[in-house]
Amino acid sequence: MLEPEHGPVIQEEVEHSHVRCWVCVLSCLLLACLYVGSLYIWRSSLPRDHPSVIKRRSASVLLVSALSPAVVKAWMHWADIRVNAFVLELMGVRLEGLVPAAILPLILTMAFYLGPLVHSAMDNPKGFSGELQSLLDVQAWRWCVRDAVWLRNQLVAPVTEELVFRGAMLPMLVPCTGPTAAIFIAPLFFGVAHFHHIIEQRRLHKDSMSIILMVSGTQFLYTTLFGAFTAFIFMRTGHVVGPVVCHAFCNSQGLPDLTSALQHPQKTAILLSYLMGLLLFLVLLFPLTDPFLYGPIPVCSLSAPAASAC
């Protein structure tokens, strides 16, 4: 006798859930289009690494990033989301647990890069002490902050991309997909966004279309995997600073060069350091991202209480 009374209510809840999911996905798509589209509002025949192009594009993505909280706020209104947290807190901009959130994910990422770091130290005539001296060289840092490419890769890109593709998108996906699925879905927007480099390569006629597509496919793969890692960091810590710092570090290191390692005179030691780094990464992954270290995670308030990632 209860089915006729509750049937319409359940159907209405299901329809509302479907509408909410569409709003979540379309909001993420809108934000991704705004980010990538902002790069092309400036007409120029110059390459992407030219200082004037970098300055204009940096201004564009910084503006989109500054507007991203407004997009999240609008999404909360459209999707009828009510939580006891500020928008910036949902996006991982908060003070509680800030110090461990900035340090521990970086240590985890450096563990993964143990092989490349050891490789670099071996190739340095002064060894590990030489690497440390380079890191502490004030003059070198002065040259870096004057270099537009360095500023883009180490500052503008990490901050804006993590704020938009992790800080803004993950809260919008969690109510629909749950936190665990959001970790794997959000990076797809990030990976696809990098396909815009095809336009740049075609315009400059540097390579054939087949090579461009192969390079872009590889880039999609590693940016999506990296996006899943930083999304995991975001969901476990509730901070965007960890993803930003890890992003900047990975940009400074590039992809691990296994080919060069295999050809190195001391390849055994280097390959062992690669293996040790991978093992350390796997062992430390959950302990260093334990939510206990970072306080209550605001974005988890958007998901069901039993959601696994929270």
Single-linkage hydrophobic cluster, 4.5 Å side-chain cutoff, [X] and [Y] together:
X	Y	value
I107	V283	no
F86	V240	no
L280	L275	no
V71	L29	yes
L293	F286	yes

- Would D49 and R152 satisfy side chain to side chain contact (heavy atoms under 4.5 Å, CB included), going step by step from the backbone distance to the final call? CA-CA 9 Å; D49 287 340; R152 178 195 63 195; 2.8 Å; yes
- Item | Selection residues 248-275 - residue pairs positive for ring pair (Phe, Tyr, Trp, His ring centres under 6.0 Å), sequence neighbours left out | Y113-F249, H119-H264
Please check this pair: side chain of [X] against backbone of [Y], looking for a donor-acceptor N/O pair closer than 3.5 Å.
X	Y	result
S120	P116	no
W141	L135	yes
S58	K55	no
H239	V241	no
R48	V53	no

Please round to the nearest 0.5 Å and tell me the distance separating atom [atom1] of [X] and atom [atom2] of [Y].
X	Y	atom1	atom2	answer
L302	I297	CG	CD1	12.0 Å
K267	L258	NZ	CG	12.5 Å
N153	H247	CG	NE2	8.5 Å
T177	I185	OG1	CD1	4.5 Å
D257	Q263	CG	CD	8.5 Å
R236	L288	CZ	CG	10.5 Å

- Task: Assess the cysteine pair C176 / C21: is their SG-SG separation shorter than 2.5 Å?
- Result: yes
Looking at side-chain heavy atoms only, is the closest gap between [X] and [Y] below 4.5 Å?
X	Y	result
L262	L271	yes
N84	S301	no
L46	S52	yes
W150	W143	no
L63	S38	no
M76	L90	yes
L31	M169	yes
Y294	L104	yes

- Note on the structure: disulfide bond (SG atoms under 2.5 Å apart) filter on C250, not counting sequence neighbours, yields none
- Residues pairing under disulfide bond (SG atoms under 2.5 Å apart) where one sits in residues 108-164, two or more places apart or in two chains, turn out to be none
Closest heavy-atom pair and its distance - [X], [Y]:
X	Y	value
A32	F165	CB-CE2, 4.1 Å
C300	M235	SG-O, 4.5 Å
P187	G227	CG-C, 3.4 Å
A182	L170	O-CD2, 3.5 Å
I233	P243	CG2-CD, 3.7 Å
A85	E89	CA-OE1, 3.6 Å

- Task: Before giving the answer on ring pair (Phe, Tyr, Trp, His ring centres under 6.0 Å), spell out for F229 and Y222 the whole-Å C-alpha distance, their side-chain angles and the decisive distance to 0.1 Å.
- Result: CA-CA 11 Å; F229 169 62; Y222 72 72; over 10 Å; no
- Using the side chain to side chain contact (heavy atoms under 4.5 Å, CB included) rule, take T230 and F190 through it: C-alpha gap first, then chi angles, then the decisive distance, then the call. CA-CA 11 Å; T230 54; F190 184 59; over 6 Å; no
Under the rule for side chain to side chain donor-acceptor pair (under 3.5 Å), what residues qualify as partners of [X], not counting sequence neighbours?
X	answer
T160	Y35
R146	none
R94	none

- Task: Mind running side chain to side chain contact (heavy atoms under 4.5 Å, CB included) on L117 and Q253 for me, showing each step along the way?
- Result: CA-CA 9 Å; L117 291 173; Q253 297 297 312; 3.8 Å; yes
- Does CG in L95 sit with more than 12 non-hydrogen atoms of other residues, nucleotides or ligands closer than 6.0 Å? no
- Using only heavy-atom distances, determine whether the side chains of S60 and W42 contain a donor-acceptor pair under 3.5 Å. yes
- Query: Should V164 and V61 be marked as a side chain to side chain contact (heavy atoms under 4.5 Å, CB included) after you check the CA-CA gap, both sets of side-chain angles, and the distance that decides it?
  - Reply: CA-CA 9 Å; V164 169; V61 295; over 6 Å; no
